[in-house]
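Right, one structure below, let's go through it.
Atom set for the values below is all heavy atoms of this structure, side chains included, hydrogens, waters and symmetry mates excluded. It should be emphasised that the depicted structure is a prediction, and the values quoted were computed from it without experimental measurement. Within every chain, numbering begins at 1; the chains are lettered A, B, ... in the order of the sequence lines, protein sequences first and strands thereafter.
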Number of protein chains: 2
Amino acid sequence: MYTIGEFSRITNITVKALRVYHDKGLLTPSFIDESTNYRYYANREIEFAHVISTLKAMQFSLVEIKDVLNNINDDADLMSVLADKQAKIIQDISSLNNVSSAIDFILTKEKEAKKIMTNTNEVTLKQLPNIEVITQTWQGQYSDTGKAIGKLYRTAGRHVTGTVFNLYFDSEYKEIATLESCLPVKSIVSNKLRGKDSSIVFKKLPGGHYYTLLHVGPYEDIGVSYAKIFQHIKACGHTPTTPSREVYIKGPGMLFKGNPAKYITEIQIPFSDLLP
Amino acid sequence: MYTIGEFSRITNITVKALRVYHDKGLLTPSFIDESTNYRYYANREIEFAHVISTLKAMQFSLVEIKDVLNNINDDADLMSVLADKQAKIIQDISSLNNVSSAIDFILTKEKEAKKIMTNTNEVTLKQLPNIEVITQTWQGQYSDTGKAIGKLYRTAGRHVTGTVFNLYFDSEYKEIATLESCLPVKSIVSNKLRGKDSSIVFKKLPGGHYYTLLHVGPYEDIGVSYAKIFQHIKACGHTPTTPSREVYIKGPGMLFKGNPAKYITEIQIPFSDLLP
DNA sequence: GATTGACTCTCCCCTTAGGGGAGGCCTTAT
DNA sequence: ATAAGGCCTCCCCTAAGGGGAGAGTCAATC
């Protein structure tokens, strides 16, 4: 016979926990002094204590453990209980994996943005690849882009392959611009669109040569960068055409508005060789 | 301005939860009617609510979320918080994976036992392979095997490769037998033994030809099976030698004593061709 | 025999993130 | 004006104990 303290040391279960197990009828000491209420445990209980610890380590709740202890005699039953528990654990693992991926996505994006920040921000001539996107065309101000993007993201789900951008069809500044928000996706998404909200369209955007310039800072200042890139294009003897693109490499994030001074936008402008 | 009910529908957060967020200072409605205490939310709060939901989905506690909301302005800080959280999630995943493996181990063993049960239980002549084990030699009764095995299991950890068995060095029945408990392991375990408790020894057991018989039922009845196998060996003109083995394919499990009528023990007896 | 220190008892409060419900006040539609 | 539904606060409940208070108990020492 052991006192509760001795038994606690033997089984590596705290005294508090042992009292709880007693209260809940999981592990009743084999003798209780009726005058003092002292609990005394026998050797036999050590084995039970071990079973409880093991089941607890397997994520069983105390109620479940009690159930197992009282109602399971047959091996087959025990195995089915264990199999159920394992299924639940595997499900938990999968959902945690999803969370981890989601965080990964954010971290990766941030790292890319950091890398880009350290690059020069000079006008560059780039060959853009063909790209598959879902798009939504609308009219309004740049700041409404968020609304369109939300819908696109929900449609694409986990098939997003790149960073969102807008196409601008106006060659000069307009208060209410016509634009098309684009989200690069796997081509499989085109199947998901059948019969759905027809304002969202799957497209293959052709690539080609574009003049590009990174604009770092709040969107309100983007005029400066536009001036810079137009000047450069003209100096090269080319003529800007449409649609131009604004790639929102880093903007108000999924979580926070962030710091506008660190927003990164890539302006991409197509051109023709002809003089205007 | 939205009432709490409208805001709840917009954000998919229950009214109860919104009130808790208010109490804890996570999300304060932008206007509170001082005479009625009615909460009114503005559009601005929708964004915050979304941030809170997102962080909750990422396993942040309310305290952590409040901390993030109040104290994090810099992107770099946010990323480090996310990275920390991800590390913790990955750790959780790994520990769940361990639990799942442990359950797997039990389920697999049980399935094997079931398969064996359906086989015949006749005396068979088998070629046993060489095998690497850790062993502990001791004297006592069969029923003390559990004690030795516990130590072996703890030593081997996840490098266990097979089912535990005892070697018997006495050729006749003795109250206090000399026996050696063996646990098949990967040879890598031999490294872990250096400088440790020297009663545990790493060995390569040679295989060879053995007469074998499955004993199904409680250990007390094993005498019957021994009689059967000895008789068979004699009938074949061979002489039993030592050490004989008892493989505890299924016994009192890691969790429960189980049903002794379903215990499975394989008796393995070596022999010489000479007559005694 | 008495004291003392270590042990044990019960009881109460606290933790997460709200859920359920009671009782009472408020708003809005008919 | 009335009724329905919305909103308020307050209280209890969850799982698995941890922390601590106040009181009683055990065993050894003086």
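Counting to the nearest Å, the C1' atom of D:dA16 and the CE atom of A:Met58 are 19 Å from each other. Following rounding to the nearest Å, B:Arg9 (CZ) and D:dG5 (P) show an atom-to-atom distance of 13 Å. A:Lys66 has its NZ atom 15 Å from the C1' atom of D:dA16, to the nearest Å. Between the CG atom of A:Leu27 and the C1' atom of D:dG17 there is a distance of 15 Å, given to the nearest Å. Here the C1' atom of nucleotide D:dG17 and the CD1 atom of A:Ile65 are 13 Å apart, to the nearest Å. Taking atom CG of residue A:Asn37 and atom P of nucleotide D:dA23, one finds them 17 Å apart after rounding to whole Å. Rounded to whole Å, the distance from CD on A:Glu6 to P on D:dA27 is 10 Å. A straight line from CG of B:Asp23 to P of D:dC7 spans 16 Å, rounded to a whole angstrom.
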One character per nucleotide, please: for nucleotides 15-30 of chain C, 5' to 3', B when the base has a protein heavy atom closer than 4.0 Å, S when only the sugar-phosphate does, - otherwise. --SBSBB----B----
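Judged purely by distance below 3.5 Å, without hydrogens or angles, the side chains of B:Tyr2 and B:Glu45 never pair a donor atom with an acceptor atom. A donor atom on one side chain and an acceptor atom on the other are found under 3.5 Å apart for B:Ser199 and B:Gln136. There is no side-chain donor-acceptor pair under 3.5 Å between A:Glu6 and A:Tyr41. Side-chain contact check for B:Asn12 and B:Ser53: no donor-acceptor pair (N or O, by modelled atom type) lies under 3.5 Å.
A salt bridge is defined here as a Lys NZ or Arg NE, NH1 or NH2 lying under 4.0 Å from an Asp or Glu carboxylate O, and B:Asp92 with B:Lys88 meets this definition. Ion pairing of A:Glu112 with A:Lys250 is absent here, as no side-chain N (NZ or NE/NH1/NH2) approaches a carboxylate O to less than 4.0 Å.
A 4.5 Å side-chain heavy-atom check between A:Leu62 and A:Leu26 finds at least one atom pair inside the cut-off.
Candidate nucleotides D:dC7, C:dT8, D:dT9 were compared by shortest atom distance to the side chain of B:Ile4, and D:dC7 ranks first.
At C:dC9, one or more side-chain N or O atoms of A:Arg39 fall inside 4.0 Å of OP1 or OP2 (strictly under the cut-off). Residue A:Arg19 has no polar side-chain atom (N or O) positioned under 4.0 Å from OP1 or OP2 of D:dG17.
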